[in-house]
Number of protein chains: 2
Amino acid sequence: MERLLQSVKIAINEKIYVKDPESSDLGKRIIEESILMIYDMGFESFTFKKLGIKIGSNESSVYRYFENKHKLLLYLTSWYWGWLEYKLVFATNSITNPKEKLTKAIEIVTKAIAQDSSFSHINEVILNKTIINEYSKSYLTKEVDAENKEGYFVIYKRLINRISEMISFVDVDYKYPSSLASTILEGSLHQYFLRDHFISLTDCHQDGEATQYFLHLVFTSLKG
Amino acid sequence: MERLLQSVKIAINEKIYVKDPESSDLGKRIIEESILMIYDMGFESFTFKKLGIKIGSNESSVYRYFENKHKLLLYLTSWYWGWLEYKLVFATNSITNPKEKLTKAIEIVTKAIAQDSSFSHINEVILNKTIINEYSKSYLTKEVDAENKEGYFVIYKRLINRISEMISFVDVDYKYPSSLASTILEGSLHQYFLRDHFISLTDCHQDGEATQYFLHLVFTSLKG
DNA sequence: TAATATATGATAGTATTGCTATTATATTTG
DNA sequence: CAAATATAATAGCAATACTATCATATATTA
């Protein structure tokens, strides 16, 4: 994904931020460091004050980019899903065979993340781990319906829908394409979490096993 | 489940509470009302001060039962999984045919919850909804490994293991029994969440459809 | 180059949260 | 009835999640 994507920018719903963090150096450092800090200390302990100190800036300056840390989490997750979506479309676009296409999609979505040098200030490996630990907290809130209406989850929904469509292309008669697509994405994050914290609850211990598990799950369920 | 279970008590790891809430009237009201309040206002907005006011008691009195609201959440989730485990064992114990047994287990675990009058102070219907919204927050923390060592998640792990074993009984050669069991439990909660908040991401809109989805998913994946 | 707009930094202040500690008052039990 | 125990009331404290104001640095443009 190196040189090809130099000019690609993941488009995030403008209501999520006050000022676009991509528009300044400080903004980029906010994104860069918040990913690392949330990974290190967990979302609960993370504060804008601590972030300000870490980036050699000020709490009040961070507030000029994001209203609160929940919005920052929404930004990070949206960016992640946008980035995954890009990789998915890029890798599957040229494939015409439905089974092959879905296989590729599942691989992209369930495989461990490797560093991507296209977006220099974002560490995708750490972001992926942060997403595994914190993603659910972005929607397990009382505000989820209001925020959904505002379009804060469009990228995620679009990604699930793309996979859902690929599933239906393999088997038009399958009754649960959206549920299955959701299970793949959410379930894959969960398998990685289990691997790190509840080893006895998963069988996906080696690299690539989560992918094998989901490929088997999906293709035995689909006809055709 | 009426009369039969009158004397059954769900056994919770004693380290989770300071004083057993089952041991007093105040304790039971703490459990009863906290379920309703967390459901109504969400875990983030819920505080012991508010709970004290609601039950006509005092913040300091609540602290005599639970160190903090995280521990209370651990208690509620442990209770829920213990209750589900009981229902599962009760319903599947007499079944010898492996497929039938697993089918029953999946039904128990994925079906919408009906009121159970066995535990008068606990509203299982609301508790189930609270678990759907808040369960992940009990383990998506920086303390998860330490708390796991303390045994705070034993009931959940035992429940997953029971299902995992039932899966292996149907198909000894299946390589991912634990992953699949985890997917069923976690995935089922997620499908219910999607049904309430992201309808386009699930196909399980009617009662019983989640069960059908998982039954299909599981039995197409297993041989024998 | 001066005037002005814009971004950032520093400091202060406020309500709420998440507790701990102390003391007072019920209630139960011996 | 005394003693133990449970609960209630109040105070207090450090941290969080902001908001507001003012100062200063940097960039733009007239």
Side-chain angles (χ1 to χ4, degrees), chain A residues 14-34 37-38 40-76 121 134 137-138 140-143 146-147, chain B residues 14-34 37-38 40-76 121 134 137-138 140-143 146-147:
Chain A
E14 293 185 4
K15 287 178 232 157
I16 289 181
Y17 48 75
V18 181
K19 181 181 170 177
D20 185 359
E22 291 286 332
S23 71
S24 75
D25 200 68
L26 178 63
K28 283 178 191 159
R29 274 188 297 139
I30 287 173
I31 299 306
E32 181 178 13
E33 280 299 326
S34 64
M37 282 185 81
I38 293 172
D40 284 340
M41 68 203 306
F43 188 65
E44 281 68 33
S45 301
F46 169 80
T47 70
F48 280 2
K49 189 165 195 173
K50 290 173 186 168
L51 175 61
I53 292 163
K54 189 74 174 287
I55 60 178
S57 175
N58 199 273
E59 193 186 9
S60 58
S61 301
V62 180
Y63 274 102
R64 288 210 185 80
Y65 286 84
F66 293 99
E67 276 174 63
N68 50 53
K69 68 174 179 173
H70 172 68
K71 287 281 181 82
L72 171 57
L73 182 61
L74 285 173
Y75 182 91
L76 296 179
H121 62 296
E134 316 293 353
K137 297 170 191 168
S138 76
L140 294 177
T141 69
K142 272 288 152 185
E143 296 75 34
E147 293 184 347
Chain B
E14 293 184 6
K15 287 179 231 155
I16 289 182
Y17 48 76
V18 180
K19 182 182 171 178
D20 185 358
E22 291 286 329
S23 71
S24 76
D25 201 67
L26 179 63
K28 283 177 190 159
R29 274 187 296 138
I30 287 173
I31 300 305
E32 181 179 12
E33 279 300 326
S34 63
M37 282 185 80
I38 293 172
D40 283 340
M41 66 204 307
F43 188 66
E44 280 70 33
S45 301
F46 169 81
T47 70
F48 279 1
K49 188 165 199 176
K50 291 174 187 169
L51 175 62
I53 293 165
K54 188 75 173 286
I55 61 179
S57 175
N58 198 274
E59 191 187 9
S60 58
S61 301
V62 180
Y63 275 102
R64 288 216 184 71
Y65 287 85
F66 294 99
E67 276 174 62
N68 50 53
K69 66 175 181 173
H70 172 68
K71 286 281 181 82
L72 172 57
L73 181 62
L74 284 173
Y75 182 90
L76 296 179
H121 62 294
E134 317 293 352
K137 297 170 192 169
S138 75
L140 293 177
T141 69
K142 272 288 151 186
E143 296 75 34
E147 294 185 346

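Every chain is numbered from 1, with letters handed out A, B, ... down the list of sequences.
Within a 6.0 Å radius of NZ in A:Lys54, other residues, nucleotides and ligands contribute more than 12 heavy atoms. Enclosure of atom NZ in A:Lys137 by more than 12 non-hydrogen atoms of other residues, nucleotides or ligands within 6.0 angstrom is indicated.
Comparing A:Glu59 and A:Tyr65 along DNA chain C, the residue whose closest nucleotide (by nearest heavy atom) sits nearer the 5' end is A:Tyr65. When each of A:Ser60 and B:Gly56 is assigned the nucleotide of DNA chain D with its nearest heavy atom, B:Gly56 is the one assigned upstream, toward the 5' end. Map A:Arg64 and A:Lys49 each onto its nearest nucleotide of DNA chain D; the residue landing nearer the 5' end is A:Lys49.
At whole-Å resolution of the value, CZ in A:Phe48 and C1' in D:dA15 are 16 Å apart. Here the C1' atom of nucleotide C:dT16 and the CG atom of A:Asn68 are 15 Å apart, to the nearest Å. For the pair A:Glu44 CD and D:dA15 C1', the computed distance is 15 Å after rounding to whole Å.
Proximity of A:Lys69 to the phosphate of D:dT16: no side-chain N or O atom is located under 4.0 Å from OP1 or OP2. Neither OP1 nor OP2 of C:dT17 sits under 4.0 Å from any side-chain N or O of B:Thr47. Taking side-chain N and O atoms only, B:Ser61 has a distance below 4.0 Å to OP1 or OP2 of D:dA8. Between D:dT5 and B:Lys19, no contact under 4.0 Å exists linking OP1 or OP2 to a side-chain N or O. Between A:Lys50 and the phosphate of D:dT16, there is a side-chain N or O to OP1/OP2 separation shorter than 4.0 Å.
Using a 4.0 Å heavy-atom cutoff across all strands shown, A:Tyr63 reaches at least one base atom of the nucleic acid.
Comparing D:dT7, C:dA10, C:dT8 against the side chain of B:Ser24 picks out D:dT7 as the nearest.
When all heavy atoms of B:Leu76 and B:Ile38 are compared, the closest pair comes out as CD1-CD1, 4.0 Å.
The closest side-chain heavy-atom distance from B:Leu140 to A:Phe43 is not below 4.5 Å.
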